[in-house]
Amino acid sequence: MANQVSFLVIGGGIGGLTAALSIAKCGKSVHVLEQAPQFGEIGAGLQLAPNAMRVLSKLGLEDVIRECAVFPKRLVLMDAMRGGNSVPSI
């Protein structure tokens, strides 16, 4: 009976879809509910930390992500309190 349990994920953002894919890769039935009429780009962009990329890579998504990702040539970290660089540019 435990194999017949279906999972319901509320929200089709990156977290919800990652959770759904993880559940499905375990052989479980999963359904995703999303209120948006279609998936599309919203906002200015998304930065994925190494920990997030490690998870997405294990799910087999790294190559697809790299096809549409933008890799900055320079990164400058700013200190909001002092108004200047917090560390040297990388």
Side-chain angles (χ1 to χ4, degrees):
M1 184 162 192
N3 290 334
Q4 296 176 0
V5 173
S6 291
F7 291 83
L8 180 64
V9 175
I10 308 299
I14 190 168
L17 292 178
T18 301
L21 182 56
S22 298
I23 293 166
K25 287 205 175 244
C26 291
K28 305 295 183 184
S29 174
V30 60
H31 301 276
V32 178
L33 296 182
E34 171 57 50
Q35 68 179 354
Q38 65 185 28
F39 290 105
E41 293 180 23
I42 56 172
L46 178 67
Q47 296 179 18
L48 297 174
N51 292 350
M53 278 303 299
R54 193 172 301 115
V55 170
L56 295 173
S57 179
K58 286 189 179 209
L59 291 172
L61 299 174
E62 184 174 356
D63 291 340
V64 174
I65 291 170
R66 288 188 177 276
E67 286 178 14
C68 60
V70 175
F71 299 93
K73 295 186 186 314
R74 184 168 183 233
L75 174 66
V76 178
L77 302 175
M78 304 294 288
D79 185 321
M81 300 304 286
R82 293 183 307 169
N85 290 355
S86 60
V87 294
S89 297
I90 299 171

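The residues of the chain are indexed from 1 along the displayed sequence. Just so we're clear, the structure is a prediction, and the values are computed from it rather than from any experiment.
Among pairs with a residue in residues 50-63, those fulfilling salt bridge (charged side-chain N to carboxylate O under 4.0 Å, His left out) read Glu62-Arg66, at least two apart in sequence or across chains.
Note that OG of Ser6 and NZ of Lys28 are 10.0 Å apart. Values are rounded to the nearest 0.5 Å. Rounded to the nearest 0.5 angstrom, Glu34 CD and Ile10 CD1 are separated by 10.0 Å. Taking SG of Cys26 as the reference point, atom CZ of Phe7 lies at 8.5 Å (rounded to 0.5 Å).
Membership of the apolar cluster around Val55 extends to Ile14, Leu21, Leu46, Leu48, Met53, Leu56, Leu59, Leu61, Ile65, as traced through chained side-chain contacts below 4.5 Å between ILVMFWY residues.
Under the side chain to side chain contact (heavy atoms under 4.5 Å, CB included) criterion, Val9 pairs with Ala20, Ile23, Val30, Val32, sequence neighbours left out.
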